[in-house]
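Ligands are counted one by one from 1 in listed order, and the atoms in each one are counted from 1 as well. Residues take their numbers from the sequence shown, with the count starting at 1. Side chains included, hydrogens not; waters and symmetry mates left out as well; all remaining heavy atoms used.
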Amino acid sequence: MADARNCNRTILVAGGGITGLSAAVEAAEAGFQVALVEREPYLGGRVARMNKYFPKLCPPQCGLEINFRRIRNNSSIRVMTMSEVEKIEGEAGDFTVAIRVSPRYVNEKCTACGKCSKAATTEIPNTFNAGLSTRRAAYLPHEFAYPLRYVIAPQIIGAPEARAVEAACEYGAVELDMAQKTVEVKAGAIIWATGWEPFDTSAISYYGAGKYRNVVPNVVMERLASANGPTGGVISRRSDGKPVKKIAFVQCAGSRDENNLPYCSGVCCLASLKQASYLLDQDQEASATIFYIDIRAFGRNEAFFDKVRNDDRISLVKGKPGEITENPKTGMVTVQVEDQETGRMLRDEFDLVVLAAGMVPGTARQRVPAEALYDGNGFLLRENTPGIIGAGCVSSPSDVSSCVQDATAAVLRAIQACRR
Ligand SMILES: Cc1cc2nc3c(=O)[nH]c(=O)nc-3n(C[C@H](O)[C@H](O)[C@H](O)COP(=O)(O)OP(=O)(O)OC[C@H]3O[C@@H](n4cnc5c(N)ncnc54)[C@H](O)[C@@H]3O)c2cc1C
């Protein structure tokens with residue numbers, strides 16, 4: 001039996017999305033020290049940017065806030081935002097991890113009063129809103145952010161504007177001389193939970209993403225529907241701001257396609273059904289059409305699928321659109337498709353077309369800085385180099401509840417790896 005004295009009691013978790021957050025609190029509540037390393041200035045990952053999440057259609061704060069409270073109440077978790085793992089050396093039970101921490105230029109004295117933001121004049125793209133809006137160069141990432149602390153954008157550092165921002169803070173929270181640093185953490189195991197990125201739908205030229213303003217990917221639809229999004233939650237056309245009455249969803253935009261993503265992301269069908277309900281809840285007279293290859297809804301999500309599809313304002317058409325075009329004068333978008341059930345060619349016009357894009361693992365672009373194993377699509381294998389454990393969407397496309405379960409399983413494997 002392993003001797004508890006040979007157990008390194010620190011677990012490093014890379015990625016503070018729902019998977020990493022869940023893993024961090026589970027590990028800490030099992031008595032381990034945790035270093036939670038997150039690239040963004042806030043925790044919550046992609047879930048934080050959603051309007052609501054299925055199957056219960058809760059707002060993201062619902063699930064996230066419980067975890068934030070568990071983090072606040074547990075001094076064993078060290079949260080490192082604006083941080084990335086740079087180098088991993090050693091082996092299971094005895095890793096040395098170098099973490100690069102970027103400056104926030106705001107320290108923990110920040111009360112989130114917002115006076116610094118009023119003093120800033122430069123506008124920068126709001127990445128939380130997928131670049132659909134701008135924000136001041138001194139900003140709170142979003143109103144439910146954890147930690148609830150402002151960030152000063154590096155663009156203004158060195159300019160007189162930064163001094164004005166500093167002077168506006170009554171609490172001595174702005175620290176303009178903060179610099180990038182490298183921090184070393186010793187850990188027995190590493191849970192890698194760096195999640196997913198949306199597939200870039202502009203790669204499918206005949207769908208017009210990036211060319212037509214009223215053709216948007218599904219992650220943008222989440223922001224258009226969110227009360228804290230660029231339109232205050234009113235789902236409107238990108239071309240002229242008119243409310244959307246007729247919406248289409250194109251499933252498998254790049255997925256299950258050998259030229260793009262050969263796999264199914266498992267959540268896009270449900271995401272589109274959910275997003276259709278955003279519009280129909282907002283406008284009783286609106287309608288939605290979903291163009292699909294097959295609808296995939298598994299586990300307890302099937303009941304959600306049944307509930308939404310029974311709404312007669314939603315039409316489900318089996319067929320993969322061949323072409324999408326936008327009328328430059330009216331902004332209306334035409335979808336051309338062969339209805340596979342009737343064999344008829346259909347052409348229909350919509351105010352907005354949403355492309356249901358799949359998930360690409362974070363590790364397709366940024367690998368673990370150590371020897372690690374991946375599948376052919378860049379997903380990090382769960383069973384990996386001893387002591388390095390993949391979890392959540394970085395290992396396979398999944399919904400939130402599967403990610404939470406996966407996080408718990410990863411913690412058990414991490415605890416085992418800590419015992420040498
Ligand atoms: C359009 C759409 C709608 C969806 N709607 C739902 C829904 O309604 N219900 C549902 O259950 N699921 C839904 N999902 C799935 C859901 O988004 C995922 O299950 C969830 O985001 C997975 O969480 P994660 O923590 O694994 O990854 P992420 O949410 O991607 O979190 C990963 C975190 O790691 C950070 N990170 C990345 N790289 C690094 C790095 N190198 N170093 C440090 N940190 C890093 C990121 O900033 C991020 O915070 C939807 C998916 C899509 C595409």
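A salt bridge does not link R347 to E323: none of the charged nitrogens lies less than 4.0 Å from a carboxylate oxygen. Here E123 does not pair with R135 in a salt bridge; the nearest charged N to carboxylate O distance is not below 4.0 Å. A salt bridge is defined here as a Lys NZ or Arg NE, NH1 or NH2 lying under 4.0 Å from an Asp or Glu carboxylate O, and E222 with K274 meets this definition. Of the charged side-chain nitrogens involved, at least one lies within less than 4.0 Å of a carboxylate oxygen, so that D294 and R256 count as a salt-bridged pair. Using a cut-off of 4.0 Å between Lys/Arg side-chain N and Asp/Glu carboxylate O, K242 and D351 are scored as not salt-bridged. Contact check on E326 versus K211 returns no salt bridge, with no Lys/Arg side-chain nitrogen under 4.0 Å from an Asp/Glu carboxylate oxygen. Ion pairing between a basic and an acidic side chain is recognised when a charged N comes within 4.0 Å of a carboxylate O; K318 and E341 show no such pairing.
With hydrogens left out, the protein atom closest to atom 46 (C) of ligand 1 is E38 OE2, 3.5 Å, a heavy atom. For atom 11 (O) of ligand 1, the closest heavy atom belonging to the protein is V400 N, 2.8 Å. With hydrogens left out, the protein atom closest to atom 42 (N) of ligand 1 is E84 CG, 3.8 Å, a heavy atom. Nearest to atom 21 (O) of ligand 1 among the protein's heavy atoms is W196 NE1, 3.0 Å. For atom 39 (C) of ligand 1, the nearest protein heavy atom (residue, atom name, distance) is T194 CG2, 3.4 Å. The single protein non-hydrogen atom nearest to atom 27 (O) of ligand 1 is G195 CA, 3.2 Å, given as residue, atom name and distance. In terms of protein heavy-atom proximity, atom 5 (N) of ligand 1 is nearest to K274 NZ, 2.9 Å. The single protein non-hydrogen atom nearest to atom 9 (N) of ligand 1 is F54 O, 3.2 Å, given as residue, atom name and distance.
Residue T81 is tested with E40, R104, R39 for a side chain to side chain donor-acceptor pair (under 3.5 Å); the sole match is R104. When each of T194, V13, V85 is checked for a side chain to side chain contact (heavy atoms under 4.5 Å, CB included) with V37, only V85 meets the rule.
Remark: the R49 side chain and the S226 side chain contain no N/O donor-acceptor pair separated by less than 3.5 Å. In this model, a donor atom of one side chain and an acceptor atom of the other lie less than 3.5 Å apart for Q251 and S272.
The N/O atoms of A271, backbone and side chain alike, include none that comes under 3.5 Å of an N/O atom in ligand 1. Every N/O-N/O distance between V267 and ligand 1 stays at or above 3.5 Å. Of the N or O atoms in Q366, one or more lie within a sub-3.5 Å distance of an N or O in ligand 1. Here's the thing with T19: one of its N/O atoms is less than 3.5 angstrom from an N/O atom of ligand 1. Considering both main-chain and side-chain atoms, E222 never comes within under 3.5 Å of ligand 1 through any nitrogen or oxygen pair. At least one N/O-N/O distance between R46 and ligand 1 falls below 3.5 Å. Not a single N or O atom of Q275, backbone or side chain, sits closer than 3.5 Å to an N or O atom of ligand 1.
Using a 4.0 Å heavy-atom cutoff, C403 is listed among the residues neighbouring ligand 1.
By heavy-atom distance, the residue among G17, P198, A391 lying nearest atom 31 (O) of ligand 1 is G17. Looking at R39, M50, R49, it is M50 that brings a heavy atom closest to atom 4 (C) of ligand 1. For atom 22 (C) of ligand 1, the nearest non-hydrogen atom from the set C393, P369, G358 comes from C393. Among V47, L273, I18, V85, the residue whose heavy atom sits closest to atom 23 (O) of ligand 1 is I18. Closest heavy-atom approach to atom 34 (O) of ligand 1 among the candidates G15, S402, G20: G15. Nearest-residue assignment for atom 18 (C) of ligand 1 (options C268, G390, S398, S395; heavy-atom criterion): S398.
Of all atoms in ligand 1, listed by their number and element, those nearer than 4.0 Å to a heavy atom of G45 are 29 (O), 31 (O), 48 (C), 49 (O). Those atoms of ligand 1 with a heavy atom of N218 less than 4.0 angstrom away are 1 (C). The atoms of ligand 1 that sit less than 4.0 Å from any heavy atom of E40 are 47 (O).
Looking at V37 against ligand 1, only its backbone comes within 4.0 Å, counting heavy atoms. Residue E197 does not touch ligand 1, judged by heavy-atom distances below 4.0 Å. The part of S83 lying near ligand 1 is the backbone, judged by heavy-atom distances below 4.0 Å.
Aromatic ring centres of F379 and Y263 lie closer together than 6.0 Å. Checked against the 6.0 Å centroid threshold, Y139 and F128 do not count as a close aromatic pair.
In this pair, Y42 and H142 present their aromatic rings perpendicular. The plane angle is above 60°, beyond the 30 to 60° band.
The main-chain N or O of G233 is found under 3.5 Å from a side-chain atom of Q282 such that the two form a donor-acceptor pair. Of the possible donor and acceptor atoms, one in the side chain of R223 sits under 3.5 Å from a partner among the backbone N and O of N228.
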